[in-house]
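Below is one structure, written out as structure tokens, with a few remarks after it.
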Protein chains: 2
Amino acid sequence: MTTHDASLIDVARAAGVSTATAGRALGGYGQVSERTRERVLAAAAELGYRPNSLARSMVTGSTHTIGVVVTDVANPFFATALRGITDVTSPAGFEVLLANTGGQLASEQRAVTVMSEKRVDGMIVAAARPGEGAHLRHAMDAGVPVVLIDRQVSGVPDADSITVDNDHAAAEAVAHLVELGHRRIGVITEAGDQLARVRSGTRRRGLFPSAVRLRGYVSALRSAGLDVDETLVASARYDRESAYDAMTRLLGLAHPPTAVLCTDNVLASGAYRAVQDRGLRMPAEVSLIGFDDEPWTTLVRPGLTIVEQPTYELGARAGRQLLDRIAATEGPRRPQHIQLRAKLVARGSTVP
Amino acid sequence: MTTHDASLIDVARAAGVSTATAGRALGGYGQVSERTRERVLAAAAELGYRPNSLARSMVTGSTHTIGVVVTDVANPFFATALRGITDVTSPAGFEVLLANTGGQLASEQRAVTVMSEKRVDGMIVAAARPGEGAHLRHAMDAGVPVVLIDRQVSGVPDADSITVDNDHAAAEAVAHLVELGHRRIGVITEAGDQLARVRSGTRRRGLFPSAVRLRGYVSALRSAGLDVDETLVASARYDRESAYDAMTRLLGLAHPPTAVLCTDNVLASGAYRAVQDRGLRMPAEVSLIGFDDEPWTTLVRPGLTIVEQPTYELGARAGRQLLDRIAATEGPRRPQHIQLRAKLVARGSTVP
DNA sequence: CTGAAAGCGCTTACAG
DNA sequence: CTGAAAGCGCTTACAG
């Protein structure tokens, strides 16, 4: 136990050199003779010297830290994306400062501000509200590059973004069902309140992924020459129980749907359970499609047909994109908006 | 876009006060008159002033950042624990510096060193190797409090720890099976190579959770007056396929087990699938128990009996413990070793 | 190759 | 309540 952390000054004194020389020997910059280096290294080891990154960052202007802001780390989607991020940034020598917002805008704003003040070299953000970008605007104006993931945000058109083509993903699921002969196709969604807006056609920025998926559902029906029957659009909150109720409601209709699309995996698990409890056979009596390839979707019988998002890839690409931005010494280049494709995986819940 | 970030000096100049006064007005410490405060705040807003936490930390000696080191964020177990940590530390004004080690000791050592140099106020670590604690020893000697989660580590007996009572957890599962009349109880484990060590009885520190669970299995059998039949101890790597093979092997034995315990949820999913594919009925022909209450365990038919770990709580307690340590200004208190209890949840895979 | 000095942007006694 | 000065622990021109 040292009474006082040894600093470079202490090491320099012990080695009989200047702090500049000690710094060069220890930091691996500049030129130092072999003999001197050894003396300094020995002194450092002797004193248990631990460099202070804070001081170093103060002068170099870089922290080798990136900020990552998500709504819920416990959600497998974000946990997997996060893994993609760290797998890419860690070998490059960057660490991750993580914030969990719980989907609260105020919490996100605080996190972005604090990270900016801690001088992260850049940040990756899964925003809580697609319509609120002022805090991100501030960060970018201060020179902190921002990469958006999963959701576009209005107000920061110059931020890079990596998203999944949710429009296409949902449409592909619907097309799959249409091809199988379904005409009454329902949907369980968190974005039910956006149906009107979605039907009239809005631009993607400013929409949640769930709303974009709802739009994909609507447009795919239209392409197939089918009407959008509002009684088949069931709203649910983001939890299993709510989805269970929504599915039960759909199945209890006078004219129930023969197939249902769930716009994410949490909703799908609730819906799946509802079908089980009603004793209906899949796909004979009702077909079901979910999102994300989670382990349970292949363990249940029948297996669940899903739209598989490239979740890990989403994080990895975001990490790479941010590192590129940080490395780019020239002025601001044009923003990159990368859209990843989701893939339909057909299983027993739709195909006999 | 400012050419040059505004510093406190710039704000002070613009407000016509000293940097000390500007700092007091902005930082909320010391005394400032209302009039002065307003002038300073106005100047700061005008210049788009963004405090530099690095500089502040240099002088205050605290970063309000804690380090969290895990083997795999994408694993629901760690993702959930991480959520528990952030939920506790974030309201207290701390952010998390995250490192993912992939279970690699070298990676963990690097992460711990870097975090220590970045001057985190403390760290929470789920160690890659229970036997390797030198790097943690260094951190603690440098005055950085460490809280161990999920795994004890030798060499740092003075670090706090929050773990699950895995001995008891596994034993309870076995007792449940014994009570149901089972006499041939198998186990699928990652710690098969430790069987000899575990049978001869070693202390907990220095053992992986999976090895501790294996020990619980062994001691519960003994308590029930049953012999440990080594042919019923099936080794598997940490993935579904390997567990699938292990279960298939057990079921193909001349005298197969009538019940099998899987020491974690990944192994359980592989084993469950193997039972399905062999067309065996649970629990009539074989009973199965897993770990962790994941969504799929209630979606499959029959539902899987599990030992439920208090995962979120594990993280939350670790966060609280670390905050306590950081707040404690007095010298080193005695280390706290908190053991959380797991809970058996009986479902259809063991009970008709 | 090495050193003296300045500076990164703050906070903290110490005076007034 | 306010300010001048020192200092946190490094790195970086600038000389030699």
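Just so it is clear, the values below take in all heavy atoms, side chains as well, and ignore hydrogens, waters and symmetry mates. Letters go in sequence order (proteins before strands), and every chain restarts at 1.
- A close approach under 4.0 Å does occur between a side-chain nitrogen or oxygen of A/S18 and OP1 or OP2 of C/dG3.
- Protein atom CZ of A/R13 is 13 Å distant from nucleotide atom C1' of D/dG9, rounded to whole Å.
- We find that CZ of B/R37 is positioned 9 Å from P of D/dC1, with the value rounded to whole Å.
- In summary, the side chains of A/S57 and A/T60 do not present any donor paired with an acceptor at a separation below 3.5 Å, with no hydrogens or angles considered.
- Between A/I9 atom CD1 and C/dG3 atom P the separation is 14 Å, expressed in whole Å.
- Here A/D158 pairs with A/R137 under the salt bridge (Lys or Arg N to Asp or Glu O under 4.0 Å) rule; sequence neighbours left out.
- Legend: residues meeting salt bridge (Lys or Arg N to Asp or Glu O under 4.0 Å) with B/E313, ordered by chain and number and at least two apart, are B/R317.
- Put simply, CG on B/D10 is 15 Å from P on C/dG7, counting in whole angstrom units.
- The interatomic distance linking A/R50 (CZ) with D/dC8 (P) rounds to 16 Å, in whole Å.
- Sorted by first then second residue, the salt bridge (Lys or Arg N to Asp or Glu O under 4.0 Å) pairs that include residues 70-98 of chain A, not counting sequence neighbours, are A/D72-B/R83, A/R83-A/D87, A/R83-B/D72, A/E95-B/K118.
- Pairs passing the ring-ring contact (aromatic ring centres under 6.0 Å, His included) check and including a residue from residues 84-124 of chain B, sequence neighbours excluded, read B/H64-B/F94.
- Taking atom CG of B/L26 as the reference point, atom C1' of C/dG9 lies 13 Å away to the nearest angstrom.
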Exercise. Using Watson-Crick and G-U wobble pairs whose two distances are both under 3.5 Å, how do you write the pairing of DNA chain C as dot-bracket, with | for links to another strand?
Worked result: |||.||||||||.|||
Exercise. For every nucleotide of nucleotides 11-16 of chain D, 5' to 3': is a protein heavy atom under 4.0 Å from its base (B), only from its sugar-phosphate (S), or from neither (-)?
Worked result: BBB---
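- At whole-Å resolution of the value, CD in B/E38 and P in D/dC1 are 14 Å apart.
- With DNA chain D read from its 5' end, the first of the two nearest nucleotides for B/T21 and B/R119 is the one closest to B/T21.
- Phosphate proximity of C/dT2 to A/T36: present, with a side-chain N or O under 4.0 Å from OP1 or OP2.
- Screening residues 111-140 of chain A for ring-ring contact (aromatic ring centres under 6.0 Å, His included), with sequence neighbours left out, gives no hits.
- You'll find that the side chain of A/S7 is closest to D/dC10, out of D/dC10, D/dC1, C/dG9.
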For this session: Give the intermediate values and the outcome of side chain to side chain donor-acceptor pair (under 3.5 Å) for residues A/D160 and A/Q321.
Result: CA-CA 8 Å; A/D160 298 315; A/Q321 183 64 31; 3.2 Å; yes
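- Listed by first and then second residue, the salt bridge (Lys or Arg N to Asp or Glu O under 4.0 Å) pairs that reach into residues 36-51 of chain B are B/D5-B/R50, B/E34-B/R37, sequence neighbours excluded.
- Spacing between atom CG of A/N52 and atom P of D/dG7 amounts to 18 Å, rounded to whole angstrom units.
- Judged as a salt bridge (Lys or Arg N to Asp or Glu O under 4.0 Å), not a single pair has a partner in residues 98-108 of chain B (not counting sequence neighbours).
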